[in-house]
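Structure record follows, encoded as structure tokens.
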Amino acid sequence: MSFYITTSISYVNGQPHLGHAYEAIATDVLARHHRQRSDDTFFLTGTDEHGEPVADAAKANGYEPREWADLNAEKFKALLPELGVEPDFFIRTSDPQHEQKVQDVLQRVYDNGYVYKGTYTGWYCPRCADFKVENEILEGNRCPIHEIELTKENEENYFFKLSAFQSQLEALFAENQGFVGPPRARNEAEAFLAGGLQDVSLTRAKLTWGVQVPWDHSHVFYVWFDALLNYYTALSYARANADLTERYWPASVHMIGKDILKFHTIYWPALLLAAGLEPPKGVFVHGFLQGADGRKMSKSLGNGLDPLDVTERFGADALRFFLLREVQFGSDGPVGMDAVANRYSAELANDYGNLASRTLAMIARYRDSDVSSRATDPELAAEFTGLPATVSAALDAVDLTGGLDQIWQRVRRLNRYVEEQRPWELARDEAAAARLDTVLASLHEGVRSLSVLLYPFIPAATAKVLAALGTPDTDYSAAAFGTHAAATARVEKIPPLFPKEPD
RNA sequence: GGCCCUGUAGCUCAGUGGUAAGAGCACCCGGCUCAUAACCGGCGAGACGCAGGUUCGAAUCCUGCCAGGGCUACCA
């Protein structure tokens with residue numbers, strides 16, 4: 001089974017921030033999870049580089065657009081390894097192969113009769129040489145930059161017949177209940193659709209930094225169409241000697257933020273249908289992370305959280321874990337460094353890290369590091385039954401927080417198990433030797449299976465634990481409690497996984 | 001203007017018709033010693049935003065109101 005997942009591509013005009021990290025991490029977790037399940041997985045991310053803002057910024061800084069894009073794309077690319085995010089390809093919309101493919105697809109849309117020449121009317125600023133959109137215009141129809149009065153001007157544009165897809169999109173929403181998630185986002189998309197679709201302009205005449213319109217070289221495509229197509233074009237050239245389109249299209253999940261919902265749930269499937277291509281199976285809209293005060297993060301409020309500040313202090317695993325644990329995935333929620341520190345200490349260090357430490361230490365101390373071929377406790381095993389299926393079901397529903405919570409309940413369960421069984425007392429009683437074998441083997445197996453399940457969330461730490469347990473297999477088939485009970489397992493003690501910060 | 005979301009314990013939240021409303025964190029008390037002074041147990045007199053309504057029964061459905069946030073088509 002193939003699984004193709006994407007993040008939205010980052011607009012290179014801005015700086016990488018926590019929102020980019022959040023989306024990339026969530027997507028990476030799902031990609032890793034599917035790789036564990038041996039699904040044929042492809043994970044795409046990248047940068048969106050065309051359009052007027054980039055051209056303007058480049059000019060203002062004395063660069064050619066392409067040079068400016070090179071400079072900034074590098075920043076986004078460099079963020080990923082800091083987060084433990086490992087995509088299969090990083091697309092840039094200025095890639096010549098992308099541009100070529102965009103032209104191919106949109107030419108098809110044109111040939112299929114979904115493009116016509118029309119007139120775009122808007123408020124125009126002669127000083128900016130640019131159209132302004134309604135919501136940026138000042139009182140009295142003035143330019144937000146020059147504060148001069150704007151004039152209504154017309155520009156000849158090519159339009160995309162979005163309205164022609166009204167009923168097809170309605171059918172798509174009706175037939176594919178999972179097309180947009182969570183339900184809140186789906187409602188918003190359906191409400192928009194119910195309002196009736198209008199055609200949208202597809203090209204720009206006054207701009208050169210974009211993909212040239214093949215049937216009229218005096219236009220470039222409006223950046224959104226160029227950008228959306230990245231999900232499709234990347235497959236055609238991500239691998240030098242293979243076109244992956246057949247293998248992965250249509251996409252399984254497009255992970256996006258709620259600000260671009262309309263483009264991904266309405267324009268995008270319509271565009272694909274117009275080109276005779278299959279629309280994606282799903283679009284999932286994650287929430288926005290807010291400042292610790294519950295307000296939108298902003299420089300002026302100083303309530304932002306820099307992902308690199310977190311990784312520098314606590315590591316990439318901690319950031320990944322924190323973001324998916326702290327805020328219900330799909331909802332907005334507040335985050336701050338104090339909350340990171342709390343989760344790090346209480347959960348990663350005390351719950352999981354310490355569980356690993358005490359388990360390894362007891363096996364080393366009481367059984368000379370060897371718990372191979374010992375039976376596990378059936379009562380404990382019962383409490384782990386079905387866990388891998390529960391977790392994978394949650395992740396299939398893109399409920400990352402829910403899946404993680406299911407796992408964490410068992411992390412807590414294992415710490416309680418230690419207290420209930422009191423291995424240190426069993427160790428003093430020779431008659432309890434068999435029982436101690438069982439208890440230690442059960443702990444070994446419990447930590448091992450949970451580490452397999454946690455691997456997508458905290459890949460570095462779990463890899464260390466699994467290696468220390470002598471069972472490095474991260475395949476999902478190994479996630480079930482009991483899978484490795486009979487295997488040879490010699491453990492090694494390791495330093496604290498999530499060391500406490502010095503006071 | 002229209003549409004939508006949120007409002008549950010000190011904090012952050014889960015809980016969408018049914019036994020005495022839950023979790024984590026924080027606080028306090030107790031236990032243990034394998035472990036990163038970690039872990040385990042105990043401890044909540046909460047008007048489930050306010051006011052009505054539907055129902056045998058509502059945090060959970062409906063109406064109105066209050067407070068906060070979002071969307072309302074071509075900025076990405």
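To find a chain, count down the sequence lines: A is the first, B the second, and so on, and within it residues start at 1.
- Using a 4.0 Å cut-off between charged nitrogen and carboxylate oxygen, A:Arg410 and A:Asp405 do not count as a salt-bridge pair.
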With the sugar-phosphate defined as primed atoms, P, OP1 and OP2, and the base as all remaining atoms, what B/S/- string results for nucleotides 34-44 of chain B, 5' to 3', for protein heavy atoms under 4.0 Å? BBB-SBSS---
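- Here the separation of B:U16 from B:C25, taken at their P atoms, is 23 Å to the nearest Å.
- Note on A:Tyr222: only backbone sugar-phosphate atoms sit closer than 4.0 angstrom, heavy atoms only; bases stay farther off.
- A:Tyr344 places none of its side-chain heavy atoms less than 4.5 Å from the side chain of A:Leu319.
- Residue-level contact check: A:Gly336 touches neither bases nor backbone, having no heavy atom under 4.0 Å from any strand.
- A:Tyr114 and A:Phe165 have their aromatic ring centers within a separation under 6.0 angstrom.
- In this structure, A:Asp437 pairs ionically with A:Arg374, as a charged nitrogen and a carboxylate oxygen lie closer than 4.0 Å.
- The CZ atom of A:Phe322 sits 13 Å away from the C1' atom of B:C25 (whole-angstrom rounding).
- Between A:Phe173 and A:Phe179, the gap from one ring centroid to the other is short of 6.0 Å.
- The separation of B:G42 from B:C32, taken at their C1' atoms, amounts to 15 Å, rounded to a whole angstrom.
- Side-chain rings of A:Phe329 and A:Phe284 approach one another, their centers coming within less than 6.0 Å.
- Look at CD on A:Glu23: it is 14 Å from C1' on B:A76, rounded to the nearest Å.
- Between atom CZ of residue A:Arg320 and atom CD1 of residue A:Ile458 there is a gap of 9.5 Å, rounded to the nearest 0.5 Å.
- In this structure, OH of A:Tyr344 is placed 18 Å from C1' of B:C25, rounded to the nearest angstrom.
- Going from the P atom of B:C48 to that of B:U19 covers 16 Å, rounded to whole Å.
- Residue contacts for A:Glu188: at a heavy-atom cut-off of 4.0 Å it reaches the sugar-phosphate backbone alone, with no base atom in range.
- In this structure, A:Leu324 places its CG atom 16 Å from C1' of B:C13, rounding to the nearest Å.
- With P as the reference atom, B:A23 and B:C40 are 15 Å apart, rounded to whole Å.
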